[in-house]
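Data block below; observations after.
Each chain gets a letter, A, B and so on, in the order the sequences are listed, and its residues count up from 1.
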2 protein chains.
Amino acid sequence: MALEHAILVSLAERSASGYELARRFDASIGHFWRASHQQIYKVLGRMESDKLVESHLVAQESRPDKRVYAITAEGREELAAFTRTPTGPEVLRSDLAVKLRALPFGDRDAIVASVRQRRADHAATLAGYEASAARFYPDPAAVPAEQLGAWLVLSGGMRAERGGLEWCDEILQALGERR
Amino acid sequence: MALEHAILVSLAERSASGYELARRFDASIGHFWRASHQQIYKVLGRMESDKLVESHLVAQESRPDKRVYAITAEGREELAAFTRTPTGPEVLRSDLAVKLRALPFGDRDAIVASVRQRRADHAATLAGYEASAARFYPDPAAVPAEQLGAWLVLSGGMRAERGGLEWCDEILQALGERR
DNA sequence: GTCAGCATGTAAAAAGTTACATGATTAC
DNA sequence: GTAATCATGTAACTTTTTACATGCTGAC
């Protein structure tokens with residue numbers, strides 16, 4: 001029940017439709033949580049039965065109607081309770097690491113290509129985060145208290161992307177490939 | 001079908017029982033892939049039907065018998081084929097990031113405690129990795145070709161742990177907490 | 001005598017992925 | 001006319017998690 005909490009945070013910041021939530025998961029929280037729209041719609045339905053969120057239809061001009069979800073008081077309580085639960089270790093799943101480990105048994109060129117691709121992905125994501133950072137937090141030392149959490153998450157995302165990028169470079173160098 | 005490949009790599013390096021595989025997932029590959037013993041036993045059963053692995057019982061003195069699994073030729077082909085597939089983006093799920101984002105809506109002290117705990121976890125894991133590195137790869141510049149993949153994965157694990165540790169410190173500092 | 005480690009599983013429930021399905025508008 | 005964006009879902013399937021279940025040995 002962890003996607004629920006990610007959705008609750010997102011809705012606590014601002015009400016949204018399922019579609020909008022899906023796009024937020026591609027962006028801001030994106031680095032630390034990913035969810036497809038199918039999954040989000042399903043979970044939203046359950047959360048509404050559980051009274052954690054409530055929705056109403058909003059008509060739009062020249063666009064389909066949308067169902068906008070808002071967090072309820074009960075949802076806020078649930079979210080606060082979540083912050084008090086112990087945090088377990090992170091769940092990681094790296095296909096790339098499995099492939100690296102498979103170097104002696106697999107196709108070296110294909111693995112190198114995967115690393116190059118991953119490097120490009122990290123570079124692109126990092127550039128996106130840095131643009132966000134420059135725009136929304138021009139002075140990191142003076143982030144207002146209510147935005148501190150969001151800033152720290154973005155900062156963590158940048159750290160992780162930079163780290164991933166450097167790792168890719170290390171790998172390419174060790175494999176004697178120029179990037 | 002990704003746990004399968006992680007298991008194939010592990011068995012390609014050395015045959016093992018389900019129990020031993022589960023422990024390897026706690027250690028070496030641990031940083032990049034995690035699996036419970038229940039899951040491993042189930043997947044091993046399927047993999048044996050699929051002829052990717054084969055097993056035989058090994059009697060032991062003063063310990064329960066164990067079923068040792070070995071990779072088959074077909075399993076090696078499957079593993080090689082896997083290294084040729086395109087690598088998608090990493091799947092990440094960070095409860096801690098969700099909690100940070102929930103700072104304005106949750107319990108600050110509890111969140112800080114989670115960050116402290118995470119910092120301690122990173123420090124402990126990093127120490128373990130560094131011990132492995134010192135022991136198995138005393139000279140990183142001279143790692144033999146067949147161990148290069150394993151070394152790069154370990155190096156990636158150390159990078160990630162250091163990165164996580166620094167992030168925790170950044171968070172604690174921003175929240176005005178001393179570690 | 002109790003706890004940790006070795007060893008292997010089943011069953012049920014929850015979570016997540018993939019494929020399918022529809023339909024309007026706007027930009028090229 | 002074709003593709004992208006907005007917008008919402010269902011169905012089938014796979015994967016993962018959690019709880020339950022057992023039993024021996026060796027160390028303290």
Whole-Å distance between C/dT18 P and A/Arg34 CZ?
-> 13 Å
A/Gln39 CD to D/dC13 P, straight-line distance once rounded to whole Å = 19 Å
For B/Arg93, answer base if it contacts any base atom (sugar-phosphate contacts may also be present), sugar-phosphate if it contacts only those atoms, and nothing otherwise; contact means non-hydrogen atoms under 4.0 Å.
-> sugar-phosphate
How does protein reach along nucleotides 5-13 of chain C, written 5' to 3' as B (base within reach of a heavy atom under 4.0 Å), S (only sugar-phosphate), or - (no contact)?
-> SBBBBB-B-
Among all residues two or more places apart in sequence or in another chain, which pass the ring-ring contact (aromatic ring centres under 6.0 Å, His included) test with A/Phe105?
-> none
Aromatic plane relationship, A/His5 with A/Phe82 - under 30° parallel, 30 to 60° tilted, over 60° perpendicular = parallel
Calculate the interatomic distance between A/Arg46 atom CZ and C/dA15 atom C1'; express it in whole Å.
-> 8 Å
Euclidean distance, atom CD1 of residue A/Ile40 to atom C1' of C/dT17 [Å, nearest integer] = 13 Å
I would like to know whether B/Leu8 and B/Val53 meet side chain to side chain contact (heavy atoms under 4.5 Å, CB included); could you show each step before the answer?
-> CA-CA 8 Å; B/Leu8 284 176; B/Val53 300; 4.2 Å; yes
Report the C-alpha separation of A/Ile29 and A/Arg24 in whole Å, then their side-chain angles, then the decisive distance to 0.1 Å, and conclude whether the side chain to side chain contact (heavy atoms under 4.5 Å, CB included) test is met.
-> CA-CA 7 Å; A/Ile29 311 192; A/Arg24 284 189 202 167; 5.7 Å; no
Rounded distance (Å) that lies between atom P of D/dA7 and atom CG of A/Leu44 = 15 Å
Rounded distance (Å) that lies between atom C1' of D/dT15 and atom CH2 of B/Trp33 | 11 Å
Grab the CD-P distance between B/Glu4 and D/dT14 for me, whole Å please.
-> 12 Å
Is any side-chain N of the basic residue among B/Glu20 and B/Lys66 closer than 4.0 Å to the acidic one's carboxylate O?
-> yes
Would you say the side-chain atoms of B/Arg118 pair up with the backbone N or O of A/Gly88, donor to acceptor, closer than 3.5 Å?
-> yes
